[in-house]
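Here is the structure we will look at, set down as structure tokens.
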Amino acid sequence: MRYVIGVDIGTTSLCALVAEADSYDVIEVKSCKNDTLIASDNPACFEQDAVKIIQKVIGLLGELVAETKIDKSLISSIAITGQMHGVVLLDDRLDPVTPFYTWRDRRAEDCGWLDTLSSQLPETYSMRTGCKLSAGFGGLSLSWLLNTAADKEKYAGCKAVSIMDYLALKFTGRFCTDYSNAAGWGIFDIVDNVWYADMLKVMGIPQEMLPEIVCSGEVLGTLKSDIAEKIRLSDEVKVYVPIGDNQASYYGAGKGKKGVTVVNVGTSGQITVPSDSICLDNGLETRPLPNAGYILVGAILCGGWAYDYLASFFIDVINKVGGIDVDKDQVFDRMKSLLQETYASKGAGIAVDTRFSGTRSGIGEQTGSISGIDEGNLKAGNLIYGFLYGIILELADMLPPEYLEGDNIKELVATGNAIRLNPAMLDIITDIFSKSCVLSQVKEEAAAGAAFVAINNGC
């Protein structure tokens with residue numbers, strides 16, 4: 001019997017878990033807040049302390065190993081994932097000289113640097129990278145620093161790395177990344193699996209700053225003795241090259257399977273389908289999937305947030321019209337009950353476009369709408385159904401039509417807190433996709449998915 005530790009460096013939380021290799025069952029989970037945010041008065045700034053992140057992960061792993069009931073000698077390897085768009089710069093001793101610039105940092109866009117670059121990039125670059133260069137992408141943040149920072153000279157000779165590759169570096173001494181991580185920077189050629197030289201030249205990024213590209217599922221080495229001692233594991237435990245958190249979540253939701261379609265609704269929402277080719281229709285992004293071609297990813301801005309937005313509207317009506325203060329949790333409970341009572345009506349003709357914050361791609365309408373209102377259907381239950389249906393429909397509409405036809409979707413899995421809190425969304429997903437949908441039984445999908453990829457590669 002073998003066990004694998006999966007680690008996820010999330011934006012707001014850190015997670016470590018133990019998975020059993022034969023069954024793919026998650027045995028134990030340990031998590032904590034990622035409270036390493038560096039305070040700033042600039043709302044476009046979102047930096048975290050890379051050193052503290054590593055310290056917290058090591059501490060979390062130490063707690064997991066200390067408290068686990070399994071035989072520690074059976075833990076064969078550690079697999080890692082995390083925020084795949086961010087970047088941190090390291091000096092010649094491989095210590096951070098910058099904070100970790102996360103995927104939420106928008107300064108490179110706000111200052112106009114993204115617009116400056118966009119007019120100079122190859123016209124068809126997105127067909128090579130699988131995406132459009134966006135705020136928060138490691139490549140853009142790096143270019144912005146190297147070209148516009150007041151102290152940009154001090155970055156000469158530095159190395160650039162993602163936060164999870166930095167963790168792997170601390171664990172093994174290897175400075176490298178896999179193609180699923182590299183693709184998240186927006187400067188990686190996913191066709192030839194190399195850094196995209198034409199983009200690097202325009203963006204002023206020396207290729208020697210960037211990590212070596214290795215294959216997904218590769219073993220980087222074993223734990224350095226000082227790290228092994230801290231977390232109380234053998235220094236013979238293998239460390240796998242980290243993978244992107246989107247790809248890890250995909251494998252986690254499908255419990256290690258390839259070929260599933262995953263619908264995820266949290267605050268935002270994503271739909272992920274397997275593909276053998278690159279597709280950018282309707283704002284889709286194409287990302288390399290470890291050991292299995294590509295995934296097409298459609299992301300919406302208002303997933304569970306749209307449902308929360310409706311709850312806020314109900315609260316405002318109750319307060320302003322009825323003069324009653326009400327707790328949001330009470331409203332959510334009543335909304336769930338109303339949905340169950342009125343579900344059979346399917347919204348009675350009310351249709352809701354939930355693009356209240358626009359779209360990531362800027363394609364199509366930039367505001368939401370409610371339509372189909374007649375003299376008898378403007379009721380709370382119908383609105384609730386319409387909002388939930390609109391969220392899933394927006395995701396489905398991002399896919400090319402052929403993906404919704406015939407037997408292209410082999411297996412449909414749902415995940416995310418918004419769906420877990422509203423089980424009726426499973427029925428809505430089934431209605432829209434004409435395919436039975438099951439709820440993922442794995443809750444820490446990213447950490448589990450990283451472990452599952454290691455298991456698939458022999459752990």
Side-chain angles (χ1 to χ4, degrees), residues 2-21 25-38 47-84 86 88 95-96 99-100 102-103 161-173 181 220-245 248-249 251-252 417 442-455 459:
R2 299 161 299 152
Y3 296 91
V4 180
I5 289 178
V7 177
D8 175 31
I9 304 176
T11 309
T12 58
S13 65
L14 307 172
C15 176
L17 55 77
V18 177
E20 201 274 308
D25 288 338
V26 174
I27 307 300
E28 292 172 282
V29 179
K30 196 81 177 175
S31 61
C32 67
K33 288 184 179 180
N34 185 355
D35 54 0
T36 63
L37 184 66
I38 299 172
E47 303 171 343
Q48 292 178 326
D49 187 319
V51 173
K52 287 184 179 179
I53 289 174
I54 303 305
Q55 291 172 344
K56 289 182 75 70
V57 171
I58 291 173
L60 190 66
L61 285 170
E63 292 176 18
L64 179 69
V65 171
E67 296 175 14
T68 184
K69 297 176 182 178
I70 66 170
D71 183 346
K72 299 174 183 58
S73 67
L74 298 177
I75 297 174
S76 64
S77 52
I78 296 176
I80 304 167
T81 187
Q83 310 171 50
M84 65 185 190
V88 58
D95 292 323
F100 170 51
T102 78
W103 63 276
V161 69
S162 71
I163 191 61
M164 57 278 209
D165 286 323
Y166 179 48
L167 179 67
L169 171 64
K170 299 296 285 187
F171 280 9
T172 67
N181 254 341
L220 298 183
T222 55
L223 278 175
K224 293 167 67 175
S225 58
D226 60 323
I227 300 296
E229 184 177 353
K230 288 179 180 178
I231 60 180
R232 288 172 278 191
L233 282 178
S234 166
D235 59 7
E236 295 181 359
V237 169
K238 297 178 290 187
V239 179
Y240 280 81
V241 63
I243 63 174
D245 57 353
S249 295
Y251 275 118
N417 285 336
V442 179
K443 293 185 179 180
E444 294 290 353
E445 292 93 353
F452 296 159
V453 170
I455 292 169
C459 63

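Along the sequence shown, the residues carry numbers beginning at 1. No experiment lies behind these values; they were computed from the predicted model shown.
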Quick one, Leu169 with Val161, criterion side-chain contact (heavy atoms from CB on, under 4.5 Å). Give me CA distance, side-chain angles, the key distance, then yes/no. CA-CA 9 Å; Leu169 171 64; Val161 69; 5.6 Å; no
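Annotation: side-chain contact (heavy atoms from CB on, under 4.5 Å) contacts of Lys56 (sequence neighbours excluded): Leu14, Cys32, Asp35, Thr36. For Phe452, the ring pair (Phe, Tyr, Trp, His ring centres under 6.0 Å) partners two or more places apart in sequence, or in a different chain, are Tyr24.
Atom CD in Glu20 sits 7.5 Å away from atom CD1 in Ile455 (nearest 0.5 Å). How far CD1 of Ile80 is from CZ of Phe171: 5.5 Å, rounded to the nearest 0.5 Å. The distance from atom CG of Leu167 to atom OG1 of Thr81, rounded to the nearest 0.5 Å, is 11.0 Å.
Proximity of a side-chain donor or acceptor of Asp49 to a complementary backbone N or O of Val51 within less than 3.5 Å is detected. Side chain of Thr222 to main chain of Asp235: a donor-acceptor pair is present (N/O by atom type, distance under 3.5 Å, no hydrogens or angles). Judged purely by atom type and a 3.5 angstrom limit, Asp245 has no side-chain atom pairing as donor or acceptor with the backbone of Ala446.
Here side chain to side chain donor-acceptor pair (under 3.5 Å) pairs that include residues 60-71, with residues two or more places apart or in two chains, are Glu28-Thr68, Lys30-Glu67, Asp71-Ser73.
Each of Thr172, Ile227, Leu233, Leu220 was evaluated against Ile78; a single residue qualifies, Leu233, per the side chain to side chain contact (heavy atoms under 4.5 Å, CB included) test. Of the options Val65, Asp25, Val29, Leu64, a side chain to side chain contact (heavy atoms under 4.5 Å, CB included) to Val18 is made by Leu64 and by none of the others.
Within a 6.0 Å sphere centred on NZ of Lys170, heavy atoms belonging to other residues, nucleotides or ligands number 12 at most.
Across every non-hydrogen atom of Leu17 and Ala447, the tightest pair is CD2-CB, 3.6 Å.
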